[in-house]
Amino acid sequence: MASMMAISAAKNCGFPSSMAIPRDARVLSISGYPVVSTTKSKTTIVNVATNRREATQSPLQKEAAEERKLVAWTSVRQERWEGELVVEGEIPKWLNGTYLRNGPGLWHLGDYDFRHLFDGYATLVGLHFDNGHLTMAHRQIESDAYKAAKTSNKLCYREFSEVPKHDNFLAYIGDLANLFSGASLTDNANTGVVRLADGRVVCLTETIKGSIVIDPDSLDTVEKFEYSDSWGGLIHSAHPIVTDSEFITLLPDLLNPGYMVARMDPGTNERKVIGRVDCRGGPSPGWVHSFPVTEHYVIVPEMPLRYCAGNLLKAEPTPLYKFRWYPESKGFMHVMCKASGKIVASVEVPLFVTFHFINAYEEKDEEGRITGVVADCCEHYADTTILDNLRLQNLRSWSGEDVLPDARVGRFRIPMDGREKGELFAALNPDEHGRGMDMCSINPNFLGKQYRYAYACGAQRPCNFPNTLTKIDLVEGKAKNWYDEGAVPSEPYFVARPGATEEDDGVVISMISDKNGEGYALILDGITFEEIARAKFPYGLPYGLHGCWVPKS
Ligand SMILES: CC(=O)/C=C/C=C(C)/C=C/C1=C(C)CCCC1(C)C
Ligand SMILES: CC(/C=C/C=O)=C\C=C\C=O
Ligand SMILES: [Fe+2]
């Protein structure tokens, strides 16, 4: 199994929420409740499934779910929509461009409900800012996995937790072969979206084949992003580092446990290897959803939550999905020089669980010599429970109990003086952000540099999911929280004001699913963290994960 996964090491607001169904609407077979979509070019009805989960709910849970109209965890009701939004407040005139947000927004096929948040078919949302005006559009990404599901009304590719069902043993064997070749893996690019330095916009997930170029203006799916090199491999970090000068990606090597770090120059599709680091623990590499960089180094985390061949082969999801917790294998942080590919430090660190690194930077002594690296992440106290919390049933059936596991700004301090161990501690009192914390962004101009502010989702408890927007001040050790009771905000995304000299001079954009089943775009001032504008969507949208900013050209 490892060999098949191995990389070759050598080798509209104001829109009525009851929009009428146009006469020429087209029914799709993918889904159960009738919904409609109208754009200049196309109109679609989608039937969305009845929810099997109801059968497993207690009367109390059912009541709570019925009372709650939140649509964050409900499939997007239309395939696409676009229109201008009515803005309350004032959008700064300097904010010109498009905020794109990607995420898994369609979680069922016919009457079959997907189980995990990460399984959903990708829904792309665009907020086009133009001189104080705001237009919103959303549409599904036309991945092969999504198109095949629409055509056949069944799951055809392996998603995060879902595996296609087999009619017979032969079909099962065939699917295993397809797993080895990567053919059965999904290309459902539902995790993030990045703008490359050459202007191309790519939606991503953890499978390499799930890299899809989209048009940021129309949100059309353009083509697959095909790498022209011969590195192969099936999986990579969902969060490459993308700046105006670099694209750095991390490929776990499951055959020969380790990670390959590669760079791709703007205008090319060719990854060139920077270096490789061998794992120090475990039978397999740790899950690398994201990784940080400093000015000179790439930091490779080796998390004790590791890819697991056995779980990959299972038809039914395991408690940790394709992963396994190996506390005895320990956790490590490796520091690779960007220029030489050499490992300049590799230290054991306390056990940790993280999806998202926030930032990293180099620490220097009085003579300017680099003495170590600081790497910050949203850390879940080495507790893998968060993965289970993100099951749709858990998200949908919240009974009011405080079930969100604690998380903190986990700060790694990695010495570069030969010491063998690194530290991990909370960079600020977790009570500042309600002990919940994930989905972070920073001022991109501070990537890899010493920084002061991070923006993330925190918690106002009780809750089952991060429900605040939080501005974190790592110097003062303080956080400021935005909260709308019963609402779920998506990742706060910072856009710097052109010409700004202060780190927090800009705006923070988020999309909110509120308790009435509605939704809106929210713009907060980066410095005061007060609301400066909001714009209601025609209907609430499902939760989304990560976004990017495409400046107006
Ligand atoms: C949405 C998100 O954050 C993560 C999505 C991760 C996915 C789709 C992972 C898929 C995988 C497979 C389909 C098989 C191989 C392992 C793994 C990369 C977890
Ligand atoms: C939404 C999430 C974690 C929330 C925990 O508090 C993680 C998303 C991971 C993928 O992008
Ligand atoms: Fe992520």
Side-chain angles (χ1 to χ4, degrees), residues 1 4-5 72-73 101-105 107 114 116-123 143 145 155 157-164 178-180 182 184-194 203-210 233-240 251-252 254 284-285 287-291 305-309 311-314 317-318 320-323 353-357 377-381 383 385-390 394-395 403-408 433-441 456-459 463-468 488-491 543-547:
M1 125 74 217
M4 52 99 174
M5 300 299 294
W73 321 118
R101 190 198 73 176
N102 194 4
W107 293 284
F114 290 174
H116 199 276
L117 175 66
F118 296 166
D119 287 327
Y121 292 114
T123 303
S143 61
L155 188 83
Y157 292 85
R158 289 170 173 260
E159 297 295 339
F160 176 78
S161 85
E162 298 291 340
V163 173
N178 286 337
L179 175 58
F180 291 107
S184 66
L185 293 187
T186 190
D187 66 340
N188 173 21
N190 68 359
T191 308
V193 50
V194 294
C203 294
L204 296 156
T205 185
E206 295 195 3
T207 60
I208 293 178
K209 67 196 279 205
L234 300 178
I235 59 179
H236 59 182
S237 164
H239 292 274
L251 296 95
L254 304 197
S284 54
W287 185 11
V288 273
H289 182 74
S290 73
F291 62 98
L305 181 62
R306 297 174 185 269
Y307 298 93
C308 173
N311 288 347
L312 199 58
L313 294 169
K314 297 208 169 95
T318 76
L320 290 177
Y321 303 91
K322 314 288 192 251
F323 310 100
V353 166
T354 186
F355 295 108
H356 298 121
F357 278 88
C377 68
C378 309
E379 205 276 316
H380 296 264
Y381 291 94
D383 179 358
T385 317
I386 186 66
L387 258 186
D388 188 60
N389 271 67
L390 300 179
N394 287 338
L395 296 170
V403 291
L404 178 73
D406 287 358
R408 58 180 171 172
H433 50 79
R435 293 172 286 104
M437 116 100 11
D438 216 304
M439 309 306 285
C440 46
S441 77
C457 292
C463 59
N464 68 337
F465 192 80
N467 58 355
T468 67
V488 174
S490 70
E491 180 179 87
Y543 185 72
L545 294 170
H546 304 291

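We're numbering straight along the sequence, starting at 1. Just so you know, ligand 1 is whichever comes first in the structure, and atom 1 is the first atom listed for that ligand.
Taking the Fe ion (ligand 3) as the corner point, the angle from H356 atom NE2 to H289 atom NE2 is about 100° (rounded to 10 degrees). For the pair NE2 of H239 and NE2 of H546, the angle at the Fe ion (ligand 3) is about 90°; rounding is to 10 degrees.
Between T354 and H380, the shortest heavy-atom contact is CA-CD2, 4.4 Å. Nearest heavy-atom pair across E162 and F114 is OE2-CA, 3.5 Å. Of all the heavy atoms in T186 and E159, the pair that sits closest is OG1-OE2, 2.7 Å. Considering all non-hydrogen atoms of both residues, T123 and G105 come closest at OG1-CA, 3.1 Å.
The ring pair (Phe, Tyr, Trp, His ring centres under 6.0 Å) with Y543 is formed by just one residue from the set F118, F465, W107; it is F465. Exactly one of E491, H289, E379 qualifies for a side-chain hydrogen bond (donor to acceptor under 3.5 Å, both in side chains) with H356. That residue is H289.
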Atom pairs and distances, ligand 2 N/O vs protein N/O under 3.5 Å:
{"from": "ligand 2", "atom 1": "11 (O)", "to": "H289", "atom 2": "NE2", "distance (Å)": "3.1"}
{"from": "ligand 2", "atom 1": "11 (O)", "to": "H356", "atom 2": "NE2", "distance (Å)": "3.2"}
{"from": "ligand 2", "atom 1": "11 (O)", "to": "H546", "atom 2": "NE2", "distance (Å)": "2.8"}

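Remark: ligand 1 atoms within the under-4.0 Å shell around heavy atoms of T191 are 1 (C), 2 (C), 3 (O), 4 (C), 5 (C). Of all the atoms in ligand 1, the ones that sit under 4.0 Å from a non-hydrogen atom of N190 are 1 (C). The R158 neighbourhood of ligand 1 comprises atoms 13 (C), with distances under 4.0 Å to a heavy atom of that residue. With ligand atoms numbered from 1 in the order given, ligand 1 contributes 13 (C), 14 (C) to contacts under 4.0 Å with heavy atoms of L185. Close approach of ligand 1 to I235 (heavy-atom distance below 4.0 Å) involves ligand atoms 18 (C). Ligand 1 places these atoms under 4.0 Å from at least one heavy atom of H289: 3 (O). Counting the atoms of ligand 1 from 1 in the order shown, those under 4.0 Å from a heavy atom of T205 are 5 (C), 6 (C), 7 (C), 8 (C).
For L312, every heavy-atom contact with ligand 1 shorter than 4.0 Å involves the side chain, none the backbone. With a heavy-atom cut-off of 4.0 Å, F323 touches ligand 1 through its side chain alone. By the criterion of a heavy-atom distance under 4.0 Å, the backbone of E159, and not its side chain, is placed next to ligand 1. Heavy atoms of L234 found under 4.0 angstrom from ligand 1: none, in either backbone or side chain.
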Can you list the steps and then say if L404 with I386 is a side-chain contact (heavy atoms from CB on, under 4.5 Å)? CA-CA 8 Å; L404 178 73; I386 186 66; 4.2 Å; yes
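Rounding to the nearest 0.5 angstrom, the gap separating the CD1 atom in I235 from the CD atom in E206 is 7.5 Å.
When side chains are defined from C-beta on, Y321 does not count as touching L390, because their heavy atoms never get closer than 4.5 Å. Side-chain contact between D406 and D383 is absent, with no heavy-atom pair separated by less than 4.5 Å.
The aromatic rings of Y307 and F323 are tilted relative to each other, their planes meeting at an angle between 30° and 60°. Below 30°, between 30° and 60°, or above 60°: for H116 and F160 the angle between ring planes is between 30° and 60°, a tilted geometry.
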